[in-house]
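This is a predicted model, so every value here is computed, not measured. Below, each value reflects all heavy atoms present in this structure, side chains not excepted, and no hydrogens, waters or symmetry copies. Order of the sequence lines sets the chain letters (A, B, ...), proteins ahead of strands, with each chain counted from 1.
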Amino acid sequence: METLERTGADEGAPDQPAASAGGTAPGAGRPTELYVKIAGGFVLALGVLYWAVVEEKIRSTLLTVIIAVAASAGIWIGANLLFNQVRGRWQMFNTIAFAVVGAVLGIVLHGNLVTIGSGNGFLTWVIGPLAGAAAFGGLGFALAQTDDPSKRRAIALGSSIAIGLVIGAVIRDAYQPGLDPVAIVVYTLVGIAVGAGLSLLLKHPPLGGALIGAALGWVLGAWGAADLGDGSIGTSIIAALVPAVLIGLRLGMTKNPDYKARVAIDNRSRAVIFIGPALAFISVMLVIPAIRTAYLSLLNKDSVDFVGLDNYKAVFDDKNSLDLTNWTNMFTSVPFILGVILLAVAVVVGVSMQKRTGRAVEIGNPTVAPLVVGLLFVCFGAFTAMRGTLINNLWWVVVVTFVSTAMGLAIAVLADQRGGERVAKSIIFMPMAISLVGASVIWRFVYTARDTSTEQTGVMNALWIGLGRLSTGSGLPTIIATIFLVLVLVGLFMVLARMLVRYGPGRAVVPGILIVLVGWLFIRFTGIVGGGVGGFQTLPDGSVGGQTVFFVQETPYNNFWLMVIMIWIQTGFSMVILSAAIKAVPTELIEAAKIDGATTSQVFWRVTLPQIATTIGVVVTTLIVGVMKVFDIVKVTTNGQFGSQVLANQMFAEAFSFQNKGKGAALAMLIFVAVLPVMIYNIRRMQRES
Amino acid sequence: MNKRWLKLAAVPVALSFIAAACGSDSSSSSDSTSQNTTAAGEGGDFGGVTVTITGPERDDPSIAAINDTLNAWGETVNLKVEYTGDADWEANINTQVEGGNPPDISFFPQPGKLADFARAGYIVPVTDEVNTTLDEFWADGFQKYGNVDDVQYGVPAKTDLKSLVWYQPQAFADAGYEVPTTYDDFVALVDQMAADGGPKPLCVGIESGQATGWTFTDWVEDMVLRQAGADVYDQWVNHEIPFDDPQIVTAMQTVVDLWTPENVFAAGGSIAATNFADNGQPLVDGQCYMHRQANFFAGLFPEGTTFADPSDPTAVDVFYFPDINGDKPVLTAGIFASAFNDDPATMAVMNYIATADYAQTRQKNQTEAVGGGLSGYLSAAMNQDPAVYQPLEQSFLTILNASQIARFDGSDLMPADVGAGTFWSEGTSLVNGDTTAADAAAAIEASWPK
Amino acid sequence: MSATTTTLSGTGQPGPSSAGQSGGIVDRAYQFLRRIPTGVLWLIVVVWSIPTLGLFINSFRDRDAQRATGWWKVKPSELTIDNYDTIFSARAGLGRSLLNSAAIAIPATIIPIAIAAFAAYGFAWIPFRGRKGLFIATVALLAIPLQVALIPLLQMFVGGASVTLPLLDKTIVLIPDFDLAGTTTSVWLTHTGFAMPFAIFLLHNYISSLPKDLFEAARIDGADHFTIFWRLVLPLSIPVLAAFAIFQFLWTWNDYLIANTMIGANASQQPTTILIANLAGDFGRNEYILPAGAFVQAFVPLVVFFALQRYFVRGLLAGSVKG
């Protein structure tokens, strides 16, 4: 990681002023910035206003959003303010809380025109809620006054009887229920059982739950089961009074909480207020569809017959999903052999590091480079031998996640507080702004192969054929390129020598690997082995012609070229998130470490990296999930042909194009289940760390 | 008074706003539905209702032509039509139907899917009035693909002709070649061209992004139709004979035998990697003589190419992909309109789409939209005014009318798993040389849904 | 190092990164080597920008030019703005579709941020039972492919949601039918739901790493959760809020699948993604328009990125820890 280390060194000097400049909170701002903001806001507001007047679309959207946001924000802030009173002012809290319940009840009954006197325009929304709020608020106030159990019981029961009577009496004729005793009994019993059971589960006395359950059951049985409009004022009073009394009894059993209990109420209510809205969205939009999918995955194509796990079995039985028949080929593949050699180097280096520092492998020490690269090569060798959707998916996850995160981190660190940071980051970010489909179309242009008798329009094939021409040619450019390669090799050898002399073999590993790679390129380029490098072929008449590569069509390497598209896009993602995290590392920590004499490389590995470790976890997890779910790239480029199928695209095809809902759902579940362990592991680790 | 109290007071107000919003919303929606139901019904006046149509045709001239044509007619009966093109129609229509939000009418490019929808009860049969109109303007051969279990669901709205070979008459004349009239002549011509060592006989490329392979399926279908005949073709697409029937395997083999490196110009020699749209340029550049592709390929030739123009030596023309048994079969494709409800307004639109007036008005509008060039639209409706079609388009119609046997593109009739799945992918593998014709056919047969 | 090196050598530039040696030798070579990290950075930047550059140049060339030669052989004479002209004069109306995109992307960015920030704070700093389990369950939902939710959600937007009680033949309306099918509102509501797991995940990671002392000090001063959240957590979380806002805006702006599903046949509500995809035409006949389309489409997200980038400021926490 010497590259990054140097970064730190560069940063040393300018770090100081930059940090102090950024140290002021953004809210404070400089005056000019403030004016710019105000002016910007003004222009924006004017623009929106203009739109709103001219465009019906914007007007309605704005209205919807403003009403929705204002209403939700009002409720949310109101709830917060209300529960702020719990600790200090129980009486006030109790009164208001009850009043709110009463108002809601008033809105529900009066607003839906269930009660007598409703339906008079705006007053409909005022009278009912106000009456409800007054009645319930009074009850809440009274209950908060006394701690004497018998008094409380009397208050609760008395008011609930009154409220029940009033509600029953003001129900309109059209809504008076004709009672169905069987339904009432059944629902009440079920309510009692459920309520008591829940209480027991939560380790409370069962009576309270039973009462509430009975009340709810009664309401369901008496109102839900009945034919509305068939009853009389008597039946509606019965239907309303009984649950009111039951709830009154339950209220009478409570006592005013002491301070400790109130703190608990405060915390619990906050948990609901803060997390509740998100959970509501999640359960409607994700949990229910997920359960539905799990169910569908057990049914057949048309979701009619139950087929058990057949859909899952079909996925694994398919030869296109997993084909290991040629696995022995991997031992003879070049990447595999290269990888094994690198791993051997890693072992040697590891042993020497063990002797010197006591740890064979440590983040940032020389063992890591050959180890990781070697492992990648070995896996690559294995991949060329084994085929199938599942293997492809595995590769997508490993390669895209690893490369995107590493590149994003490198760019975030390299660009941090350097001249042109914004420009550099913007360009890396640019692909994010292009949709996945758009990106796939672009890369199809990049990868295009055309007949060699015409000009190449894809930049990759143009470069490849150009390299071939350079390598097999004998003109001045070829000589210059050869000399350049020689110079690079010589330079590398000098670095290697210096490393060996000054720091021992450990530091020489990286230049060593590079020498092997560049050396191999040199040997191929000069034609000592294989006649040259690049896109060329020897034609039957002995002359040399161009030879294109079918990046998208040639199995299995096309998988990697498709992954490049995803990496091109996602690096911007990891860069932005990691950049935000790096900027959030407290300056004090870095300064303290520097004062203690840490080198910039040590600062990065020992201070910055641990500080952003959880964020790296976030990025890795998100990337894994994103990669598992991505289907656009494969769909647009090959649609899974040429051995490039992935689970998500297969799922989309089965579920939407082929109308095979069972198998589509099974594939969706597979994607979910495959990612789950990785995610849970990641999240748990992150939680431990923080 | 404490400020917090003021904020608190806002809560019930906000709540009542929501409730009010809910209340008013639901009442307005019920209003609109009642409007819809009452408005429909009266003969020549539909009270300004809107009929929504979706379909896979989505480029600007098409959308404009469809909308303009239908709305110009709609004005006479006081209804509005809104056509929306959808790039992902195949997947999206399923979601819309299952989600309970279908359009009033949709354009089906695949009769197979139309049949599925009909059997699932998603679409409704056409009324007798529409049926009468259909009989007036459409031959049985075109009607029958909108017919499911003897009930008419679909109305043909567009016709594509696939059995065409594109060539440059001048290039043929210069080399002394003649347009072949039998399949044997065609093969002999290909051999002759290959032997002469000039431009390659054929341009072929089957890459088409997510639909890679469809060009191959068209060739195979044309070949089955020629070698085995229309009856076997029908049995094949209806799965009355298995996909790996020897006659089908032979047809597949014939196609790949024809596509040898000597016969075909393709990028770097890879047919599977050559985009189907990139076959026009080499044809006009003189790198190959012929290209078998449907009528809409006219839009994929380079800008400025002229068609069926004897005065221009670079002009491109078509000839009929010759037959073997003399029965002049043509492979067609096209679009069928089908309705999701039988509201009078919807059926009135269906009825209009079935007329020749719709076809020729749309053709006229679309030709104007592309500035007088080839519209890309074609309709086999009878009694159209031929003057609205350009010379090349008229030759399409001549070929279409000369044939006794018209068969719809088989891959659009098969279940999507096959017709837009394995037939494409196994075909691509076969062209790539990764499998044999027999193995590919067997794999496709195995994937046919039970 | 490993990752950077392999990737770079893969792009045909093996030379520079090799020289990344360390040490304090003060000589000319060292001066040269010092600049290498910057060189590597700009090299990556160049490699990254090649496809975009090609796209940009091709967006000004007509179909035949794009097909005939590579973009690097562009001749000034063949530059044209016809492609842009086609898009701007699209019959479906680019202006209207941009408005629709904005009507989807803006609420779909702001609302999830607010809701997720509450939840992230709740998960991080409000003690309650089952917190960890609930958090893991919430974030695990990230792994659900959103395609599975399309049909149930569309059904909900079309007809609301209701539950039929067993035995009684009575249905209770859980979510009334707001007549949302085919509107931009249904699209941004869907985006809001789908964004939730990731937003909570990302914001929680940041908010939970804020120093504990901060909260304890505020608590001692008598601040309640609402005040702490409003006065302390929100201002300190600006970088992560900006980061999330950028991505959420991008994703919703560029979304095709959800918009296409929810809006269906309602052409007047279509966002730009659908408009441009449709311009590509049947069989990709007009695919040459897509480069120009991609830039029209990417313009707004890029502006958002530039606008929000300045919120990535080092040392937001500095003052608060000391104070």
Side-chain angles (χ1 to χ4, degrees), chain B residues 21-23 25-26 28-30 32-33 52-54 56-64 67-68 82-89 91-106 109 208-209 211 214 275-278 280-281 285 294 296-297 299-300 302-304 369 376, chain C residues 62-65 67-68 82 86-87 89-92 147 149-160 173 175-182 185-186 226 256-270 273-289:
Chain B
C22 305
D25 249 337
S26 54
S28 70
S29 71
S30 65
S32 60
T33 44
T52 56
I53 306 179
T54 64
E57 283 182 276
R58 61 183 199 273
D59 42 19
D60 242 27
S62 300
I63 293 181
N67 271 318
D68 289 349
E82 201 176 85
Y83 173 81
T84 317
D86 187 344
D88 210 7
W89 180 88
N92 208 18
I93 190 70
N94 295 330
T95 323
Q96 285 168 5
V97 166
E98 278 181 55
N101 192 28
D104 294 318
I105 297 174
S106 204
S208 180
W214 68 264
N275 189 273
F276 90 100
D278 283 340
Q281 186 82 46
D285 288 352
F296 54 72
F297 195 75
L300 292 160
E303 207 87 17
Chain C
D62 64 15
R63 186 188 68 170
D64 294 337
R67 287 227 181 109
D82 284 356
T86 311
I87 292 168
S89 59
R91 182 180 163 100
Q147 289 91 338
L150 292 179
I151 290 173
L153 284 180
L154 184 60
Q155 280 169 343
M156 192 184 85
F157 289 127
V158 170
V173 176
I175 302 168
D177 175 12
F178 289 116
D179 207 16
L180 289 178
T185 311
S186 66
F226 179 57
Y256 176 84
L257 184 66
I258 295 174
N260 202 21
T261 307
M262 297 299 164
I263 283 174
N266 197 349
S268 62
Q269 307 270 314
Q270 283 179 344
T273 35
I274 297 183
L275 176 103
I276 288 174
N278 285 347
L279 284 178
D282 316 337
F283 302 102
R285 220 178 337 201
N286 304 332
E287 226 169 44
Y288 63 95
I289 290 178

**Student:** Select one option (side chain, backbone, both, neither) describing which atoms of B/Thr52 are under 4.5 Å from chain C's heavy atoms.
**Tutor:**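 Just its side chain gets close to chain C.
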**Student:** How close do B/Leu300 and C/Arg63 get, heavy atom to heavy atom, and via which atoms?
**Tutor:**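 Closest approach of B/Leu300 to C/Arg63: CA-NH1, 3.8 Å.
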**Student:** Grab the two heavy atoms, one from C/Gln155 and one from B/Glu98, that are nearest each other, plus how far apart they are.
**Tutor:**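 Minimum heavy-atom separation between C/Gln155 and B/Glu98: NE2-O, 3.0 Å.
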**Student:** Between B/Asn67, B/Asn94, B/Asp59, which shows the greatest number of heavy-atom pairs under 4.5 Å with chain C?
**Tutor:**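 The option with the most such pairs is B/Asp59.
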**Student:** How close do B/Asp86 and C/Asn260 get, heavy atom to heavy atom, and via which atoms?
**Tutor:**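 Between these two residues, the closest heavy atoms are OD1-ND2, 3.0 Å.
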**Student:** Which distance, rounded to the nearest 0.5 Å, do you find between the CG of C/Asn278 and the CD of B/Glu57?
**Tutor:**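 Interatomic distance, C/Asn278 CG to B/Glu57 CD, rounded to 0.5 Å: 11.5 Å.
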**Student:** Quick one: closest heavy-atom pair of B/Thr95 and C/Leu150, and the distance?
**Tutor:**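 Shortest heavy-atom separation between B/Thr95 and C/Leu150 comes out as CG2-CB, 4.3 Å.
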**Student:** So for B/Asn92, is it side chain, backbone, both, or neither that comes closer than 4.5 Å to the heavy atoms of chain C?
**Tutor:**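 Just its side chain gets close to chain C.
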**Student:** Identify the heavy atoms of C/Asp64 and B/Glu303 that sit nearest to each other, and give their distance.
**Tutor:**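 Between these two residues, the closest heavy atoms are OD2-N, 2.6 Å.
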**Student:** Can you tell which of C/Val158, C/Asp62, C/Leu257 has the highest number of heavy-atom pairs within less than 4.5 Å of chain B?
**Tutor:**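 The residue among C/Val158, C/Asp62, C/Leu257 with the greatest pair count is C/Val158.
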**Student:** So do the side chains of C/Tyr256 and B/Asp88 get within less than 4.5 Å of each other, counting heavy atoms only?
**Tutor:**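 A side-chain contact under 4.5 Å exists here.
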**Student:** Which atoms of B/Pro302 are under 4.5 Å from chain C, going by heavy atoms: the side chain, the backbone, both sets, or neither?
**Tutor:**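 Looking at B/Pro302, backbone and side chain both touch chain C.
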